[in-house]
Amino acid sequence: MPEAVRRGLVSEAEVDRALTRSLAARARLGIAFGQANPWARIRPDQVDTPDHRALALEAARKAMVLVQNNGGVLPLKPGVRLAVIGANADDLAVLEANYHGTAAAPVTPLEGLRARFGADHVTYAQGSVLAEGAPVILPETALSAGGKPGLAGEYRDAAGKLVLARQDRRIDFNFTRSAPKGLDPQRFSASWSGMLVPPGPGAWRLAIDAPQCWKDCHRHDDVALWVGGQQLHAGPLGGARQEFALTSDGTPQPIRLDLDHYGDDEGLRLLWLPPAGAEEARALAVARDADVIVAVLGLSPDLEGEALQVQVPGFVGGDRSEIELPRPQADLLGRLRATGKPVVAVLATGSAVAMDENLADAVVVAWYPGEAGGTALADTLSGASNPSGRLPVTFYRHTTDLPAFVDYGMKERTYRFFSGKPLWGFGHGLSYTRFAYAAPQVRAADTASPVTLSVQVRNAGDRAGKT
């Protein structure tokens with residue numbers, strides 16, 4: 001007997017009716033007990049079609065919200081030299097977000113900006129971690145093979161035959177029911193090799209991580225890691241992150257990473273906690289040589305999500321204890337602002353983030369934008385796409401603006417009950433064009449009837465746009 005029935009909260013009849021409704025709904029979807037999953041009938045050639053990719057790009061473009069644009073810094077001019085800075089600029093997880101599928105053709109913000117403005121006009125530095133003590137993806141700037149950023153990858157089939165050789169800028173893969181072209185998603189192996197290039201001397205940490213396997217995990221992937229000729233790990237990760245303490249004088253060291261992939265639901269990521277201050281120094285050097293700084297900041301599914309094993313400042317088990325931009329990123333943004341260069345802040349996040357708006361000329365809320373997110377962001381910053389998104393939530397200025405988390409009252413929550421001045425209010429969003437409103441008319445039959453308001457709207461700018 002259900003606990004709610006035993007405690008007298010609901011009757012057995014009510015439970016029966018709820019179960020009947022649930023079974024009826026499942027039957028309408030064709031997934032009643034004993035029936036096959038109807039989605040299994042979808043053929044591979046019906047997934048990731050050109051129409052699907054076009055829709056992903058359209059959705060990402062429309063989701064971008066321009067919340068600040070002081071001095072008309074955006075859109076960026078052609079030929080501008082960009083310093084792209086931030087851990088969220090080149091991370092697959094920021095595109096896919098929580099409870100995700102597999103992005104077939106992911107484009108990170110860094111990749112999108114390089115494609116739009118030209119690789120020779122875009123320089124990159126990670127700059128900082130997202131939150132104190134939380135590892136981030138090991139960037140391309142810390143890896144080298146054949147004189148190029150990243151590692152040399154070799155992919156083999158189940159029989160050990162070499163199928164694909166390519167340069168991978170970072171080890172940041174989701175192999176859930178997918179694999180590089182020509183390989184069976186359920187069985188292949190890969191090996192990456194090259195040099196690990198620390199940004200400077202100091203103590204730091206390296207980590208390998210595989211997303212948790214949720215279904216039919218008869219065997220977890222095997223992973224082996226060598227650094228400087230020393231084997232640091234061999235065996236399955238099983239969804240558990242493995243971290244290794246390293247000390248370096250800044251000299252590059254050989255690195256090799258091997259993967260034996262056995263199942264449907266695992267990937268592989270190589271992460272780090274860099275030496276203190278080293279990545280910030282690189283970011284400031286990159287910023288000084290650029291015309292405009294694009295700082296891709298915010299949160300990630302590694303920090304906010306359901307039942308995460310996260311205990312770092314600002315985050316407890318996947319919940320946020322503070323709404324402010326985490327301290328390492330806020331400090332980095334302040335130092336970038338001090339260079340005197342125009343700063344465009346991009347917030348990649350699944351929830352509202354409070355920041356000092358004086359630290360950036362322009363601010364774009366990109367959310368977790370999906371596989372076409374990098375392309376959509378580049379289109380938005382360049383003006384190829386005019387932002388039309390509006391905030392679906394209120395962005396408060398400080399954690400102290402809100403009642404205690406355990407207070408379930410609505411006072412001082414949401415746009416309806418907040419009495420202070422928000423950072424950016426619910427429904428806020430700017431455009432690159434101007435709209436004029438004229439001839440308002442209000443109609444109502446009487447004081448008890450609905451009121452109809454009509455107004456003429458005209459695009460008074462020189463760009464196409466949506467209200």
Looking at [Y], is its backbone amide N or carbonyl O close enough to the side chain of [X] to form a donor-acceptor pair, meaning the two atoms are under 3.5 Å apart?
| X | Y | value |
| --- | --- | --- |
| Q230 | V227 | no |
| D157 | G160 | yes |
| T339 | L336 | yes |
| H100 | E96 | no |
| N88 | L299 | yes |
| T433 | R463 | yes |
| E371 | A104 | yes |
| Q329 | L130 | yes |
| K341 | R288 | yes |
| E324 | V353 | no |

Do the side chains of [Y] and [X] get nearer than 4.5 Å, heavy atoms only?
| X | Y | value |
| --- | --- | --- |
| R41 | P38 | yes |
| L143 | L196 | yes |
| D302 | V310 | no |
| L257 | L151 | no |
| D172 | D91 | yes |
| E306 | Y99 | yes |
| K161 | R156 | no |
| L66 | L74 | yes |

Looking only at the side chains, is there a donor atom on one of [X] and [Y] sitting less than 3.5 Å from an acceptor on the other?
| X | Y | answer |
| --- | --- | --- |
| T251 | D249 | yes |
| S351 | E304 | yes |
| H220 | E266 | yes |
| R166 | Y155 | yes |
| W272 | Q126 | yes |
| S128 | E279 | no |

- [ ] Could you walk me through whether V67 and L430 pass the side chain to side chain contact (heavy atoms under 4.5 Å, CB included) test, one step at a time?
- [x] CA-CA 6 Å; V67 294; L430 305 176; 6.0 Å; no
To the closest 0.5 Å, what do you measure between [atom1] ([X]) and [atom2] ([Y])?
| X | Y | atom1 | atom2 | answer |
| --- | --- | --- | --- | --- |
| W204 | L138 | CH2 | CG | 6.5 Å |
| E322 | R327 | CD | CZ | 9.0 Å |
| L325 | D356 | CG | CG | 10.0 Å |
| H261 | D184 | NE2 | CG | 8.5 Å |
| L359 | L332 | CG | CG | 10.5 Å |

Task: Sub-6.0 Å ring centroid separation between F173 and W192 - done: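 Centroid separation for F173 and W192: below 6.0 Å.
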Task: Aromatic contact, F188 with F175 (centres under 6.0 Å) - done: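 For F188 and F175, the ring centres are under 6.0 Å apart.
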TODO: Would you name the heavy atoms of L303 and A134 that are closest together and state the gap between them?
DONE: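 Closest pair (atom of L303, atom of A134, distance): CD2-CB, 3.9 Å.
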Task: Nearest non-hydrogen partners of I293 and A287, listed with the distance - done: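 Heavy-atom minimum between the residues: CD1-CB, 3.6 Å.
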Task: L206 and L270: CA distance, side-chain angles, deciding distance, side chain to side chain contact (heavy atoms under 4.5 Å, CB included) verdict - done: CA-CA 8 Å; L206 192 67; L270 187 60; 4.1 Å; yes
Task: Under-4.0 Å salt bridge between R170 and D90 - done: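 Result for this pair is yes, salt bridge flagged.
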Open item on the list: What verdict does the salt bridge (Lys or Arg N to Asp or Glu O under 4.0 Å) test give for R81 and D289, after you've listed the backbone C-alpha separation in whole Å, the side-chain angles of each residue and the deciding distance to 0.1 Å?
Closed with: CA-CA 8 Å; R81 294 175 302 162; D289 291 334; over 6 Å; no
